[in-house]
Enquirer: 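First the structure, then my questions, so here it is.
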2 protein chains.
Amino acid sequence: MTPSTVSRVMNDSNLVKPRTRQRVLEAVQSLGYVPNKAARMFKYGKSRIIGLVVSAQHISELIYNAGFQAQFKALTEKAHNEGYNILIITSADADSETYFDVIKSQAADGFIIMSPSANESLASMLEEAGIPYIFNMKYSNNPADIYYASADDFEGGYTAANHLLELGHTDIRFIVGSVKGQIISFNGDRIRGFMKALSEYDIPFREEMIVRIPGQLEESYAGIHRLFQTEKPTALMISNEITTVAALNYFHDHGIRVPQDLSVIGFGPSEFFRGLRPNLTNVSFDIAWSSGRIVDMLLQRIERGPVSLEPAMKPKLNIQDSTARNE
Amino acid sequence: MTPSTVSRVMNDSNLVKPRTRQRVLEAVQSLGYVPNKAARMFKYGKSRIIGLVVSAQHISELIYNAGFQAQFKALTEKAHNEGYNILIITSADADSETYFDVIKSQAADGFIIMSPSANESLASMLEEAGIPYIFNMKYSNNPADIYYASADDFEGGYTAANHLLELGHTDIRFIVGSVKGQIISFNGDRIRGFMKALSEYDIPFREEMIVRIPGQLEESYAGIHRLFQTEKPTALMISNEITTVAALNYFHDHGIRVPQDLSVIGFGPSEFFRGLRPNLTNVSFDIAWSSGRIVDMLLQRIERGPVSLEPAMKPKLNIQDSTARNE
DNA sequence: CTGTTAGCGCGTTCAC
DNA sequence: GTGAACGCGCTAACAG
């Protein structure tokens with residue numbers, strides 16, 4: 001009974017006589033032998049682990065975000081179905097070098113990178129090191145060497161604005177978050193879509209139509225409060241789910257009726273908005289689909305080589321109870 | 001320039017001449033050499049990975065649960081601070097054997113097991129295999145060989161009920177979830193606490209005071225609807241956050257005013273309830289603390305051996321706007 | 001069918 | 001200060 005025989009038994013090879021297999025299994029049982037996974041990973045050069053790279057601060061915010069929850073669920077399920085597990089890789093900082101150092105020291109077969117900001121230098125470092133990766137979203141307009149699953153955020157912003165304009169609203173505010181003073185790239189696209197819709201209705205765009213409010217509950221509440229002390233828009237587009245909750249709470253607390261006094265459109269998973277009152281009109285993307293695509297693309301890079309980019313995912317406008325005609 | 005020299009440089013050994021080190025670093029740079037993590041794990045027998053074991057179905061539900069989010073955040077942060085990363089280990093099924101098979105095939109230094117149901121046989125299998133583990137919660141009253149971070153759920157149920165009884169409520173319902181028809185052990189403790197409070201007020205306990213409602217939004221809404229078609233309790237204790245949201249939505253949709261018509265107490269992180277309207281009176285546990293304890297206990301088992309159980313974590317009653325005197 | 005051998009990449013030990 | 005040799009646990013390839 002040699003190591004290789006045991007190995008054969010453990011790996012269900014059929015090159016073992018039933019009697020021998022039996023004896024091995026008994027021995028395994030009584031000794032409580034467990035094959036060493038690290039040695040296996042070493043031998044095969046594969047871990048069947050997908051690294052989900054997030055900076056430590058960022059994950060704390062993300063976890064409360066409905067969009068991330070939906071994505072996390074979908075990623076986990078998809079990975080599980082493909083026989084992979086997800087390793088949460090937390091980086092102390094979000095800059096390219098730190099990310100790269102953390103990534104290259106991990107034993108994952110590939111990486112999904114959830115950075116809040118653009119990272120072309122990270123992409124080229126990973127490319128050079130031959131490490132398979134996928135970005136969680138589109139960070140730039142240079143698709144040459146950046147892999148990501150993209151959503152058509154321009155269309156999303158356009159669709160939302162168009163719906164409000166059709167209802168006769170002209171004084172619309174678009175509330176977006178910001179990271180270190182910068183507007184995240186997908187919000188940039190949404191804003192451009194918003195502007196296009198405005199121009200189609202011959203409404204001049206003004207800077208103050210874009211309102212930057214931090215994405216945490218208390219800060220958002222304060223930000224909404226500040227806005228409504230000086231302004232009286234008739235419609236709001238809100239790019240972040242937590243801010244949306246804070247806004248609804250503010251309106252509840254101050255007797256502002258939605259949609260009678262104010263129309264509101266949210267961005268995010270439509271299931272999330274079903275839990276709010278009123279049930280919010282929203283622009284949603286199919287997160288399960290895009291997360292599946294992310295895993296597919298990554299696994300293809302891992303197992304079979306290069307992949308080509310898919311067309312961007314289209315948004316869907318779900319009209320519910322929070323938007324009404326502007327009287 | 002041999003492999004061992006490179007190894008010495010990579011591991012910051014001071015047995016290398018500065019000039020040699022320099023040459024090695026240059027070569028490393030230009031060749032894009034990255035030490036193989038799997039080989040390192042193999043060599044050291046340590047991965048600095050903590051496995052978070054959840055069944056695949058269960059994680060889909062958990063991720064939308066505010067308590068899990070808080071715990072996930074705390075676990076991730078704590079692990080990161082200790083230099084560990086979290087590996088999400090999804091098991092197809094939640095029975096002991098499947099869990100054990102999945103666990104033993106993973107290269108983590110220890111495991112946090114988030115099973116929805118009791119698992120003493122799993123505990124003994126892990127014990128026997130010498131695999132460090134911690135359960136997410138208390139599953140039985142046999143503490144001999146089961147490690148967990150416990151919360152005083154009896155006290156939680158008692159505190160909530162006592163608050164309502166003090167306010168003059170006598171027709172109270174306690175809404176709990178159930179897994180495969182079974183009441184989860186911590187809910188069992190909460191129910192016993194509830195019963196104790198009732199008995200102190202000489203109110204006889206009746207079976208129908210305990211209402212089992214599934215923990216998803218739509219199902220919870222339907223369950224609440226069913227309850228209120230036949231009953232008119234004056235106060236509710238709700239053990240699950242999603243069910244709480246569904247209940248508030250139902251009350252909103254049907255003109256039931258909280259707290260004028262009905263008092264409601266929730267269980268969960270108090271920050272979560274701040275996002276609801278009305279801001280709910282709640283019984284909360286310090287999840288950051290208990291999650292930190294879980295990681296501490298696990299790391300101690302990994303690095304230094306056995307640990308002793310801590311006293312159970314005490315709940316806190318946060319009185320907000322959803323409970324009022326019963327007129 | 002089963003035993004023997006070799007090597008995956010790393011870090012450590014032992015010579016030099 | 002540096003190179004050569006070894007072994008961690010496993011399994012594929014080869015020999016019998």
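Letters go in sequence order (proteins before strands), and every chain restarts at 1.
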Enquirer: With respect to A:D296, which candidate in A:K78, A:R304, A:R301 satisfies the salt bridge (charged side-chain N to carboxylate O under 4.0 Å, His left out) definition?
Expert: A:K78

Enquirer: Hey, could you give me the CD1/CD1 distance between B:I50 and B:I294, rounded to the nearest 0.5 Å?
Expert: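 It is 10.5 Å, given to the nearest 0.5 Å.
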
Enquirer: Find the distance A:K46:NZ to D:dA12:P and express it as a whole number of Å.
Expert: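 Result: 15 Å.
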
Enquirer: May I ask you to check whether B:N85 and A:T90 show a side-chain donor-acceptor distance below 3.5 Å?
Expert: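 Judged by distance alone, the side chains do pair up.
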
Enquirer: Distance check needed: D:dA12 C1' versus A:D12 CG, whole Å only.
Expert: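 Taking CG of A:D12 and C1' of D:dA12, I get 17 Å after rounding.
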
Enquirer: Tell me: CG of A:N36 to C1' of D:dG7, nearest whole Å?
Expert: 14 Å

Enquirer: Examine B:F72 together with A:Y64 and report whether their ring centres are nearer than 6.0 Å.
Expert: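 That pair fails the under 6.0 Å test.
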
Enquirer: Quick check on the helix from C:dC1-D:dG16 to C:dC16-D:dG1: what's the angle between its two end axes, five base pairs per end, to the nearest 10°?
Expert: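 If I round to tens, the end axes sit 50° apart.
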
Enquirer: Rounded to whole angstrom units, what separation is found between the CE atom of A:M41 and the C1' atom of D:dC10?
Expert: 13 Å

Enquirer: Tabulate atom names and distances for all N/O pairs under 3.5 angstrom spanning the protein and nucleotides 4-8 of chain C.
Expert:
residue: C:dT4; atom: O4; partner: A:S4; partner atom: OG; Å: 3.0
residue: C:dG7; atom: N2; partner: A:K43; partner atom: NZ; Å: 2.8

Enquirer: So that I can tick it off, tell me whether B:E128 and B:K104 are bridged by a salt bridge, with the cut-off set at under 4.0 angstrom between side-chain N and carboxylate O.
Expert: no

Enquirer: B:M10 CE to C:dT12 P: how many Å, rounded?
Expert: 14 Å

Enquirer: Could you check whether B:D95 and B:T98, counting side-chain N and O atoms only, form a donor-acceptor pair closer than 3.5 Å?
Expert: yes

Enquirer: Could you tell me whether the phosphate oxygens of C:dG11, OP1 or OP2, come under 4.0 Å of any side-chain nitrogen or oxygen in B:N11?
Expert: yes

Enquirer: How about B:R40 and B:N11: does a side-chain donor come under 3.5 Å of a side-chain acceptor?
Expert: yes

Enquirer: Ignoring the backbone of A:Y44, work out which of D:dT11, C:dT2, D:dT2 is nearest its side chain.
Expert: D:dT11

Enquirer: Is B:R40 close enough to C:dG9 that one of its side-chain N or O atoms is under 4.0 Å from OP1 or OP2 there?
Expert: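 False: B:R40 side-chain N/O out of range (4.0 Å or more) of C:dG9 OP1/OP2.
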
Enquirer: Could you check how far CG of A:L15 sits from P of C:dG3, rounded to whole Å?
Expert: 13 Å

Enquirer: Starting at the 5' end of DNA chain C, which residue's closest nucleotide do you reach first, B:S7 or A:R21?
Expert: A:R21

Enquirer: Does B:Q182 CD have over 12 foreign heavy atoms under 6.0 Å away?
Expert: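 No, not enclosed.
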
Enquirer: Can a side-chain donor-acceptor contact be found between A:N136 and A:Q71 if the only test is distance below 3.5 angstrom?
Expert: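 Yes - a donor-acceptor pair under 3.5 Å links their side chains.
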
